[in-house]
Amino acid sequence: MKRMRMTVAALAAASMTVATAACAGDESDVGGEGGGDAIVNMQIGDVRSLVPGGSGESEGFRIIKNVYDGLVYYNRETGEPENLAAEEISSADNQTWTIKIKEGLTFQNGEPVNADAFIRSWDRSAYAPNVLPLNYFFATIEGYDAMNPEPKPEDTWADPEVPEYDPVETTHLSGLTAVDDLTIEVKLSAPFLGFPTMLGYEAFYPIAQACLDDLDACEKKPIGNGPFMFEEEYDIESGGSVVRWEDYKGSMPAQIDGVNWKVYLAGDDCWADFLTGDIDVCRPTAADYESAMNDEDLTTRLIQQEDPSILMLSFPLYDPKYQDVNLRRAISMAIDREGVLNVVGPERFYPLDTFVPGSILGGGQGTCGEYCTYDPEGAKDLLAQAGGWPEGEKLRIWVNDANDNVDIFRAIGDSIAQSLGIEYELVPMEWTDYLPARENHQLDGPFRNGWSPDYNLNENYLEPIYGGGAATNDMGYENAEYDAKIAAAGAASTLDEAVALYQEAEAILAADMPSAPVFGEKFNYFYTDRLENVYVHPIYSGPGGDCELREVTVK
């Protein structure tokens, strides 16, 4: 691939060199449907949307990133953004950016992939009345405020989970201009050195006009510009299939004939189907982990590497009960992270004492320090300083029930209860209910939160999770000093300066502790002996078992 020709091309070329695996096994039957015999069978969970800008979660993105091509794609080994649909990305002042798009690219219905294809996609996501989860990614672009006024009072909404707005006449980001058919000028409201690193994420993918003309149809059968395409509609309850797009003109073509995704809901997992060969890549749950790791045959087909994904216990700061930082610190110190690992599998996670993992540029600062260190007596002292826990009331811990989250957070709850001498209740929810409840501040206790990187910069673990103000982020967190530090970092003149300022913002975050870092994750993915060239992308991989579908091959 051609690398970006811009002064900040190395922005995401972090120290994130990741070990990957590619192993061969015995030949086996690889029969598939539709005349192609190189079909890979993958697991997946609840999908919220298959149209760029509408997902914002791992399950939809793991399909979208294979059906669509973005402007850049992150190098699997370095994390560096490399051109995909973009020919060149440049800026003289880090505030006005010029994006040139490669010639000859089309969508799968024949429409051109041009400047308008990106602009209409970004406008759609940025327009507040569309209520799309990735709207906030466009807050840095001029004209965003005109498209995002305050919503109507909540008691006037038809659906209490969906904000409503008075008519918003502005439907286009004024900072976006199609200079010509293949050139976009992007004016930001302030300099932001990290802007190019964002462009490999779903929020910035293009959309075909035919898709906007019939969004309902596009949700079921997306019209992408990537190496895989849908021939039949996707079913959110059972899954669906894509085939290799033979007319793909991009630089990352598929090596297989297609992919089948099978959906696992309500706590089901793929392990039993993996053992029978019906799923090709899977992670064992806590219950199956030990037996899998003791199977000599399976471990020859094991990908084990650090995952920059993190797991947190976040606090509802919108609930008066959790306003005292000492209560939040007490709960964090009450978690025996090492002990929990012995329950759920010590090689699946590692104890986390920072808000940004060390594999990410600027991460590994250990900012949580003593408050992420197990200390039952210290936790009790902090709880007392916070006024104690209400007598007779249970601590409610909320979790989505996908994969083995319930087992993990039950072990966390047990540790908190034992350390602090309080009762707790684990409240599992289906992902499709849990996600909006979390986003809309409807949870009355600590809740499971996780993050996988969209790009390789410490900012990505700070601003998207904790920025935007109390009404925007899941915790209801707001700190003017933190926001000012984030803004200063975005306006930095050098990468080193920006990273250092983001680290200072992380220190402010750690002092406030809106979340308790719990674990950094590790990939422990097994694959069947049908597959070769199995690689896990540290930024793009989805949970539960995933691999780079643009590279994998079937023997």
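These numbers come from the heavy atoms of this one structure, side chains and all, not from hydrogens, waters or symmetry mates.
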For a quick test of reading the model, state the closest non-hydrogen atom pair linking [X] to [Y] and the distance between them.
X      : Y      : answer
Leu84  : Tyr248 : CD1-OH, 4.2 Å
Gly60  : Val47  : CA-CG1, 3.9 Å
Pro81  : Val72  : CB-CG2, 4.0 Å
Pro149 : Tyr165 : O-CE2, 3.2 Å
Tyr73  : Glu548 : OH-OE2, 2.7 Å
Ile223 : Gln108 : C-OE1, 4.1 Å

Give the C-alpha distance, both sets of side-chain angles, the deciding distance and a yes or no for side-chain contact (heavy atoms from CB on, under 4.5 Å) between Ile63 and Phe230.
-> CA-CA 10 Å; Ile63 294 178; Phe230 280 94; 3.9 Å; yes
Treating [X] as the side-chain partner and [Y] as the backbone partner, does any N or O pair qualify as donor plus acceptor under 3.5 Å?
X      : Y      : value
Asp123 : Leu173 : yes
Tyr127 : Val168 : yes
Asn148 : Ala126 : yes
Tyr264 : Gln43  : no
Asp257 : Ala38  : yes
Thr98  : Glu185 : no
Tyr74  : Asp454 : yes
Asp280 : Asn41  : yes
Gln255 : Pro253 : yes
Asn225 : Asp69  : yes

Spacing of [atom1] belonging to [X] relative to [atom2] belonging to [Y], to within rounding of 0.5 Å:
X      : Y      : atom1 : atom2 : answer
Leu188 : Ser91  : CG    : OG    : 7.5 Å
Asn83  : Glu88  : CG    : CD    : 8.5 Å
Glu57  : Ser452 : CD    : OG    : 11.0 Å
Lys65  : Ser541 : NZ    : OG    : 7.0 Å
Ser125 : Tyr205 : OG    : OH    : 12.5 Å
Met42  : Arg62  : CE    : CZ    : 6.0 Å

N-O pairing of Glu202 and Arg48 below 4.0 Å |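 Not counted as a salt bridge, because no side-chain N and carboxylate O are separated by less than 4.0 Å.
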Could you tell me whether Asp268 and Lys262 have a side-chain N and a carboxylate O separated by less than 4.0 Å?
->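 Salt bridge absent between Asp268 and Lys262.
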Test applied, ring-ring contact (aromatic ring centres under 6.0 Å, His included); reference residue, Tyr201; option that passes from Phe61, Tyr540, Tyr455 =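 Per the ring-ring contact (aromatic ring centres under 6.0 Å, His included) rule, the option paired with Tyr201 is Phe61, out of Phe61, Tyr540, Tyr455.
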Do [X] and [Y] have side chains that get closer than 4.5 Å, going by heavy atoms?
X      : Y      : answer
Trp245 : Pro227 : no
Asp401 : Leu265 : no
Val51  : Arg124 : yes
Tyr144 : Asn135 : yes
Leu361 : Leu495 : yes
Phe192 : Asn94  : no
Tyr525 : Arg283 : yes
Val263 : Tyr234 : yes

Could you tell me whether Trp271 and Phe526 have their ring centroids closer than 6.0 angstrom?
->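 Yes.
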Would Phe204 and Phe138 count as a close aromatic pair, with their ring centres under 6.0 Å?
->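 For Phe204 and Phe138, the ring centres are under 6.0 Å apart.
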Would Glu463 and Thr140 satisfy side-chain contact (heavy atoms from CB on, under 4.5 Å), going step by step from the backbone distance to the final call?
-> CA-CA 12 Å; Glu463 168 63 12; Thr140 59; over 6 Å; no
Pairs touching residues 127-157 that satisfy disulfide (SG to SG under 2.5 Å), sequence neighbours left out =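 Residue pairs with at least one partner in residues 127-157: there are none.
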Hey, is [atom1] on [X] packed in by over 12 heavy atoms from elsewhere, all under 6.0 Å?
X      : atom1 : value
Ile486 : CD1   : yes
Lys187 : NZ    : no
Gln209 : CD    : yes

Distance-only polar pair, side chains of [X] and [Y], donor-acceptor under 3.5 Å:
X      : Y      : value
Thr183 : Asp180 : yes
Ser515 : Tyr477 : no
Asp93  : Gln95  : no

Any chance you could lay out the side-chain contact (heavy atoms from CB on, under 4.5 Å) test for Phe447 and Met475, step after step, and finish with the verdict?
-> CA-CA 9 Å; Phe447 52 88; Met475 286 65 58; 4.1 Å; yes
Parallel, tilted or perpendicular: which fits the ring planes of Tyr461 and Trp451, with parallel below 30° and perpendicular above 60°?
->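 Answer is perpendicular, since the angle exceeds 60°.
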Could you check whether the rings of Trp122 and Phe195 sit parallel, tilted or perpendicular, using 30° and 60° as the cut-offs?
->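 Ring orientation of Trp122 relative to Phe195: perpendicular.
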Trace of the side-chain hydrogen bond (donor to acceptor under 3.5 Å, both in side chains) decision for Glu161 with Asn440 = CA-CA 6 Å; Glu161 296 181 358; Asn440 292 303; 4.6 Å; no
What do the steps show when you test Val242 against Asn66 for side-chain contact (heavy atoms from CB on, under 4.5 Å), and what is the final call?
-> CA-CA 9 Å; Val242 292; Asn66 288 295; over 6 Å; no
